[in-house]
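Following: one structure in structure tokens, then a few remarks.
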Number of protein chains: 2
Amino acid sequence: MKTEYSPRVTTDSHAVTLTVDCAIFGFADDSLRVLLVRRAVEPYRGDWVLPGGAMYQNETLEDAAIRVLRDLVNVEDIPMHQVATYSAVNRHPVRRVITSSYFALVSPEDHDPIAREHLDQARWCALNELPELGFDHRIILDDAYEALKQELRSQPLAFHLLPESFTLKEAQEVYEAILGEELDRRNFRRKILSYDFLINTAEKKPGVKGGPELYRVDDVKLEEHMS
Amino acid sequence: MKTEYSPRVTTDSHAVTLTVDCAIFGFADDSLRVLLVRRAVEPYRGDWVLPGGAMYQNETLEDAAIRVLRDLVNVEDIPMHQVATYSAVNRHPVRRVITSSYFALVSPEDHDPIAREHLDQARWCALNELPELGFDHRIILDDAYEALKQELRSQPLAFHLLPESFTLKEAQEVYEAILGEELDRRNFRRKILSYDFLINTAEKKPGVKGGPELYRVDDVKLEEHMS
DNA sequence: GCAAAAGTGTTTCATCTACACCCATGC
DNA sequence: GCATGGGTGTAGATGAAACACTTTTGC
């Protein structure tokens with residue numbers, strides 16, 4: 001049996017609103033978090049959701065996602081990755097809203113994210129302590145998290161989360177927090193040192209037992225790996 | 001140099017048309033082909049493009065893709081896979097059109113696909129003999145083809161392209177045509193027999209040297225593998 | 001009977017995984 | 001000096017790729 005369609009059948013989609021929703025992942029307290037905002041207006045007033053917004057007529061979806069990211073956490077030049085587009089007819093209770101999702105990976109800036117317009121709070125939320133999310137955002141977030149992990153396994157996405165120079169242990173902790181699993185220290189070292197964009201600075205990090213060596217990234221070579 | 005945007009700036013997207021474009025892959029003459037249609041109206045009149053169309057207000061993008069598939073090649077119950085959403089501001093020369101792409105894998109039906117409405121021809125086109133495509137459809141097609149190959153490597157997507165009973169050689173030819181590379185016969189046999197949804201019918205295909213054995217799929221077990 | 005295709009197992013190689021010891025530093 | 005963490009190499013398991021011979025059938 002086929003789905004029944006209501007009788008209004010048109011050949012265009014002018015009454016549809018297009019939005020982006022962003023899963024902005026970042027670190028705080030050595031754990032992976034995602035930025036959530038709380039709605040101050042209906043529908044889903046008081047519920048936590050992924051930050052997002054309507055696409056302007058003269059920008060791309062990616063531009064819109066970058067704009068959301070800039071407005072909330074004041075970072076630019078962070079790559080946004082498109083994940084999927086969600087178009088269920090009743091995903092928004094009032095109007096027809098279709099959304100494309102993006103994810104990004106940032107180091108949380110010093111200043112707190114600002115809740116504006118329809119929002120009254122913003123918060124970095126650990127992935128294992130998520131509240132219920134409004135709309136279908138839980139599904140969107142889960143899909144985005146899977147895409148993030150998938151991408152990290154094949155590409156060195158995470159080095160911009162680290163300070164200028166860092167120890168391999170610190171890099172490993174970032175990977176472990178994102179992937180949600182522990183990694184073998186020696187295997188991890190071998191894997192990332194087999195890439196050629198890590199430079200041993202021949203300095204040791206002071207104040208840490210064992211005297212770990214500091215590394216920094218060769219930005220040019222990292223760029224080659226990412227393309 | 002960045003693209004110049006027109007000065008109209010609004011906060012919603014009501015003037016945007018949402019469409020789907022479908023990369024419908026199928027077989028003819030032992031080679032992988034994709035269904036192309038030729039536009040009979042401006043813009044891009046006379047150019048070949050992927051079949052597609054506007055989403056109706058009361059259907060999902062996926063519904064729209066399924067509708068396009070049904071109208072063109074009269075098949076249903078074939079899974080459509082979403083690939084990506086394309087939103088460059090000037091990808092359509094007249095209006096703002098944002099499109100989501102899907103791919104599907106079908107066995108070309110007996111009847112030829114019908115060109116209707118804005119189209120004057122439809123044709124199964126071999127991937128190495130593609131004409132120039134209108135809009136940004138060459139990029140969309142390339143992305144969809146990559147997604148198809150990716151999916152086939154991890155999931156047995158292609159068995160509905162084969163007749164009720166078939167030889168492993170025939171299955172291998174389907175895989176080779178889709179992936180665009182030759183496969184080792186023994187490694188291929190081992191791999192797909194390690195799945196448990198292939199049933200040896202104990203019959204041999206007549207009229208073929210070597211007397212190859214015929215197999216059929218256990219639909220229930222195949223379904224488990226696909227989920 | 002001979003040419004062409006089908007059926008079958010083993011070896012090699014690369015990759016991932018698990019694991020133990022010595023050395024450097026902080027306290 | 002001792003406890004903690006950093007640095008290093010190897011052996012085993014697992015999966016992918018390469019490869020040759022025998023059997024069956026069409027002609």
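Since the model is a prediction, treat every value here as computed from it, not as a measurement. Sequence lines set the chain letters: A, B, ... in the order given, protein chains first and strands last, and positions in each chain run from 1.
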In whole angstroms, how far is the [atom2] atom of [N] from the [atom1] atom of [X]?
X	N	atom1	atom2	answer
Tyr215(A)	dG6(D)	OH	C1'	10 Å
Asn200(A)	dT8(D)	CG	C1'	14 Å
Glu213(A)	dT25(C)	CD	P	10 Å
Glu203(B)	dT25(D)	CD	P	14 Å
Arg189(A)	dG6(D)	CZ	C1'	7 Å
Leu168(B)	dT8(C)	CG	C1'	13 Å
Phe188(B)	dA16(D)	CZ	P	14 Å
Lys204(A)	dT25(C)	NZ	C1'	8 Å

Original post:
For Gly210(A), which contact category applies under a 4.0 Å heavy-atom criterion: base, sugar-phosphate, or nothing?
Top reply: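 Gly210(A): base contact, heavy atoms under 4.0 Å.
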Original post:
NA contact type, Lys191(B), heavy-atom cut-off 4.0 Å: base, sugar-phosphate, or nothing?
Top reply: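 No contact.
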**OP:** Measure across Asp143(B) and Val83(B) and return the closest heavy-atom pair with its distance rounded to 0.1 Å.
**Re:** O-CG1, 4.0 Å
Subject >> Closest heavy-atom pair and its distance - Phe166(B), Arg216(B) >> reply: CE2-CA, 4.1 Å
**OP:** Taking only Lys NZ, Arg NE, NH1 and NH2, and the carboxylate oxygens of Asp or Glu, determine whether Glu170(B) and Lys205(B) approach each other closer than 4.0 Å.
**Re:**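 Result for this pair is yes, salt bridge flagged.
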Original post:
Charged N to carboxylate O below 4.0 Å: is that the case for Glu224(B) and Lys221(B)?
Top reply: no
Subject >> Ile98(A) vs Met55(B) side-chain heavy atoms within contact, under 4.5 Å >> reply: yes
Original post:
When the nearest nucleotide of DNA chain D is assigned to Arg185(A) and to Lys209(A) on a heavy-atom basis, which residue is associated with the more 5' position?
Top reply: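 Its nucleotide being nearer the 5' end, the pick is Lys209(A).
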**OP:** Supply the atom-to-atom distance Ile178(A) CD1 to Leu152(A) CG, rounded to the nearest 0.5 angstrom.
**Re:**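 The CD1 atom of Ile178(A) sits 5.0 Å away from the CG atom of Leu152(A).
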Subject >> side chain to side chain donor-acceptor pair (under 3.5 Å) partners for Asp142(B), two or more places apart >> reply: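 If we apply the side chain to side chain donor-acceptor pair (under 3.5 Å) test to Asp142(B), skipping adjacent residues, the hits are Arg138(B).
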**OP:** Kindly say if Lys169(B) contacts the phosphate of dA5(C), meaning a side-chain N or O under 4.0 Å from OP1 or OP2.
**Re:** no
Dump the pairs, protein N or O against N or O of nucleotides 15-18 of chain C, anything under 3.5 Å, distances to one decimal.
unit_1: dA18(C); atom_1: N7; unit_2: Asn187(A); atom_2: ND2; d: 3.3
unit_1: dA18(C); atom_1: N6; unit_2: Asn187(A); atom_2: OD1; d: 3.4

